[in-house]
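Any value given below was found using the heavy atoms of this structure, including those in side chains, with hydrogens, waters and symmetry copies removed. Remember, it's a predicted structure, so these values are computed and weren't measured experimentally.
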Amino acid sequence: MPQDEPQPQPQPPGRRRTRLYALTDGRTAAAHAVLTMDTTITAAADGEVDGTLPTEWQEILAMCAAPGGRAVAEIAARMHIRLTPMTLLLGELADRGLIHHRPPLAVAETTDVHLLQRIRDSLARI
């Protein structure tokens with residue numbers, strides 16, 4: 001193997017990664033939950049995560065502890081999983097009652113022009 005090629009990163013000991021098709025049972029759409037990339041996800045139960053759940057599910061539940069939660073896109077980015085498989089995983093968690101999901105704010109709640117201008121100006125300064 002040539003020296004200039006990146007070496008694969010070893011997984012931490014004791015951590016298993018399940019293939020996405022196994023986690024989603026080959027599904028391409030969630031059964032009941034409709035999630036978009038800006039839907040907020042919050043874990044339904046506080047405290048310890050059930051150790052019998054797949055590793056990815058445990059990570060999601062730990063990451064989305066109440067009261068804050070995280071957006072679907074942020075969860076996908078942090079876990080290095082594409083958005084479509086992530087929405088399937090989250091849909092499965094929602095169907096099992098392990099997470100709560102809140103749709104994004106309505107359009108009327110997000111049309112504050114002054115807020116949008118402040119955000120634009122802050123981003124321009126970066």
Side-chain angles (χ1 to χ4, degrees):
M1 182 177 245
Q3 291 291 358
D4 57 336
E5 287 186 27
Q7 299 294 321
Q9 295 294 324
Q11 294 212 359
R15 180 169 180 219
R16 65 175 165 72
R17 293 296 275 195
T18 308
R19 299 245 182 220
L20 289 175
Y21 66 83
L23 285 172
T24 62
D25 292 331
R27 289 186 308 270
T28 58
H32 299 101
V34 177
L35 306 171
T36 62
M37 62 188 261
D38 51 353
T39 300
T40 301
I41 304 296
T42 307
D46 294 331
E48 289 296 314
V49 175
D50 183 6
T52 61
L53 295 174
T55 304
E56 291 79 6
W57 291 12
Q58 293 177 32
E59 288 178 34
I60 291 168
L61 294 173
M63 189 184 311
C64 298
R70 298 196 188 274
V72 171
E74 182 179 358
I75 298 167
R78 288 176 180 257
M79 293 190 64
H80 306 286
I81 297 176
R82 292 182 181 159
L83 196 56
T84 299
M86 180 54 66
T87 58
L88 294 174
L89 294 177
L90 294 172
E92 182 68 26
L93 289 171
D95 290 347
R96 292 174 183 247
L98 296 172
I99 62 169
H100 300 295
H101 53 92
R102 186 181 71 231
L105 297 174
V107 174
E109 298 176 46
T110 60
T111 56
D112 182 357
V113 174
H114 298 291
L115 174 63
L116 295 173
Q117 288 173 341
R118 286 195 314 254
I119 292 171
R120 180 199 62 201
D121 295 342
S122 295
L123 289 172
R125 281 188 225 119
I126 293 179

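Remark: Arg78 pairs with Glu74 by the salt bridge (charged side-chain N to carboxylate O under 4.0 Å, His left out) rule, at least two apart or across chains.
The only option from Thr87, Ile81, Leu89 that meets the side-chain contact (heavy atoms from CB on, under 4.5 Å) definition with Pro85 turns out to be Ile81.
One distance of note links CD1 of Ile75 with CE of Met86; it measures 6.5 Å at 0.5 Å rounding. To the nearest 0.5 Å, atoms CZ (Arg70) and CE (Met63) are separated by 6.5 Å. Residue Leu93 holds its CG atom at 10.5 Å from CD of Glu56, rounded to the nearest 0.5 Å.
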Considering only distance and modelled atom types, tabulate donor-acceptor pairs under 3.5 Å from the side chains of residues 33-45, sequence neighbours left out.
from	atom 1	to	atom 2	distance (Å)
Thr36	OG1	Asp38	OD1	2.7
Thr36	OG1	Thr39	OG1	3.0
Thr39	OG1	Thr36	N	2.9
Thr39	OG1	Thr36	O	3.3
Thr40	OG1	Arg102	NH2	3.3

Between Leu53 and Leu98, does the side-chain contact (heavy atoms from CB on, under 4.5 Å) criterion hold? Intermediate values first, please. CA-CA 11 Å; Leu53 295 174; Leu98 296 172; 4.2 Å; yes
